[in-house]
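Scroll down for the structure; my scribbles are underneath it.
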There are 2 protein chains.
Amino acid sequence: MNHDAPTLAVSTVIFALRANEAQTKDSGETSAATLWLPLVRRIREPFEGRWALPGGPIGASESLGDAAARNLLETTSLTSRYLEQLYAFGTVDRSPSQRVVSIVYWALVRPDEAERATEGENVRWFAADDLPELAFDHNTIVEYALWRLRNKMEYSRIAHAFLGERFTLTQLREVYEAVLRKPLDPANFRRQIESTNSVVATDERLAGGRHRPPRLYRYNESFGLADNGPLPVT
Amino acid sequence: MNHDAPTLAVSTVIFALRANEAQTKDSGETSAATLWLPLVRRIREPFEGRWALPGGPIGASESLGDAAARNLLETTSLTSRYLEQLYAFGTVDRSPSQRVVSIVYWALVRPDEAERATEGENVRWFAADDLPELAFDHNTIVEYALWRLRNKMEYSRIAHAFLGERFTLTQLREVYEAVLRKPLDPANFRRQIESTNSVVATDERLAGGRHRPPRLYRYNESFGLADNGPLPVT
DNA sequence: GCAAAAGTGTTCTATGTACACCCATGA
DNA sequence: TCATGGGTGTACATAGAACACTTTTGC
């Protein structure tokens, strides 16, 4: 046990939205989708057998963000549309054996990608608001990541990171509703989104639905998803 | 040079407000105070002789925030009224010799405290918007800290961390004006602050001024300075 | 034609902003 | 009494919330 140099690690909270099962009219479902995240099972002490956030050491020639992205790729074979540093956790007692400082990132992936995601004996997806007791302080970390996600959803355009190239405004609204856990007025939501100019209407419509086919939109690439200020790019 | 384990360090951006010199009516001054921060001179390579943010290694039995507070105390003999983690900087090339990951905090101290602050050959205060070329990526870090401070000033109550126990609403407004670098309407500012209930009027007034003595207020302790979500306390 | 989602219009309220105006004190 | 910052009143602009209403499709 080395008391002088804390071990440094990177972990990542990876969020995806998964559509809920078909809802009957009298079901208790409040939104069309739920937040999910992948966890890995620890295969050694401490906390052997418990579920934990994917993570690991930082390579000699990769930046912190690179390490998080590699992390994401290795555990889920996914790349993310949004990756941001969350926080550095470094209380003395967060790991029972050795002193560990974890720099945690959070990422958003698209559901169609998440479908292809690896799942196996030691990687499993969980509903974000119904997690088991995790290793280390990882329950706290996920809670904080959820808080950041919900906050940022209200003043940024990160919702788009959950969607594909083309989407309807109802789909976009359902992303907001699922993350914020409250219904939004479709009429007002439409106007608010349109007034930001963050989406561009296409000529296409989404056919195959039961009713009037909604117009498809695409993201206005001249907007960044979020304004993180004068941070260096990586 | 060890390629496998990056060195871990904590640095702190310490902000204080210093009142500007008496302003003549036709002076170009736009606000009554300016942001200052203390820097330390590097006494060895790399960047020997350059100014840098105070910082150092993390003790075995202190959390990251503790390390930042100790840091602050050692370089300025001050304790801060507000201390928050800023960001972890970890690009590969930010230090020429060895790989260093810096977890940076930012702090606010009161001007009356800052008066007592240590200053010497190797510690000096600089105006935040007029810094020399600093060691490492510290110019970038200060810019980001300024961006965070200005952002947070708009939706939090951190301005109070710059003031003493009792203050007038004009003093509070001058804090906002100095940080945000724009004049605010005194009438509207007063109403906005009062509507948040973050301040409580006292019976006292500030005598000795040239004109009508303004009422003194104190901070409403039932409000936190900022809502940083479900983060662990230290 | 009917049900239901897509999409538009209208009203009400809260909040921010500009600025006129009165008040109280020191010199 | 006058200059000046302290403090109040008021009117206008803008943004958001609530909700009635029209449109367009599948069945």
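So you know, we letter chains A, B, ... as the sequences are listed, proteins then strands, and number each from 1. For the numbers below, each heavy atom of this structure counts, side chains included, while hydrogens, waters and symmetry mates do not. These numbers were taken from a predicted model, which means no experiment stands behind them.
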Quick one: side chain to side chain contact (heavy atoms under 4.5 Å, CB included) partners of [X], sequence neighbours excluded?
X	value
B/P230	A/E143, A/Y144, A/W147
A/L206	A/T168, A/Q171, A/P214, A/L216
B/D129	B/A127
B/A159	B/M153, B/L172, B/V175, B/Y176

Could you tell me how far apart [X] ([atom1]) and [N] ([atom2]) are, to the nearest whole angstrom?
X	N	atom1	atom2	result
A/L184	C/dA5	CG	P	16 Å
A/R190	C/dG9	CZ	C1'	13 Å
A/E194	C/dG9	CD	C1'	14 Å
A/Y176	D/dA17	OH	P	13 Å
A/K182	D/dG16	NZ	C1'	12 Å
B/Y155	C/dG16	OH	P	17 Å
A/Q192	D/dA17	CD	C1'	9 Å
A/L216	C/dA6	CG	P	11 Å

Problem set entry | Annotated protein contacts, base or backbone, on nucleotides 19-27 of chain D with a non-hydrogen cut-off under 4.0 Å, one of B, S, - each | B---BBBS-
Problem set entry | Where at least one partner belongs to residues 151-176 of chain A, residue pairs that pass salt bridge (Lys or Arg N to Asp or Glu O under 4.0 Å), sequence neighbours excluded |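 As it turns out, the salt bridge (Lys or Arg N to Asp or Glu O under 4.0 Å) pairs with a partner in residues 151-176 of chain A, which skip direct neighbours, are A/E84-A/K152, A/R166-A/E204, A/R173-A/E177.
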Exercise. Tell me, which pairs form a salt bridge (Lys or Arg N to Asp or Glu O under 4.0 Å) where one or both residues lie in residues 217-230 of chain A, sequence neighbours left out?
Worked result: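 Output for this query is empty, none listed.
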Problem set entry | B/F136: ring-ring contact (aromatic ring centres under 6.0 Å, His included) partners, not counting sequence neighbours |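 For B/F136, the residues satisfying ring-ring contact (aromatic ring centres under 6.0 Å, His included) (neighbours in sequence not counted) are B/F47, B/H138.
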Exercise. In residues 165-172 of chain A, which ones come under 4.0 Å of DNA chain C, going by heavy atoms?
Worked result: A/T170
For this session: Can you run down the side-chain hydrogen bond (donor to acceptor under 3.5 Å, both in side chains) pairs that involve residues 63-73 of chain A, sequence neighbours left out, and say none if there aren't any?
Result: A/E62-A/R70, A/S63-A/D66, A/S63-A/T234, A/R70-A/E74
Problem set entry | ring pair (Phe, Tyr, Trp, His ring centres under 6.0 Å): pairs with one or both residues in residues 104-128 of chain B, sequence neighbours excluded | B/W51-B/F126, B/Y82-B/W106
Seminar exercise, completed: Closest heavy-atom pair, B/T196 versus B/I193, reported as atoms and distance to 0.1 Å, is OG1-O, 2.7 Å
Identify all pairs in which a protein N or O lies below 3.5 Å from an N or O of nucleotides 11-15 of chain C, and state each distance.
none

Exercise. In a check of side chain to side chain contact (heavy atoms under 4.5 Å, CB included) between A/D137 and each of A/L134, A/I141, A/N139, which one passes?
Worked result: A/I141
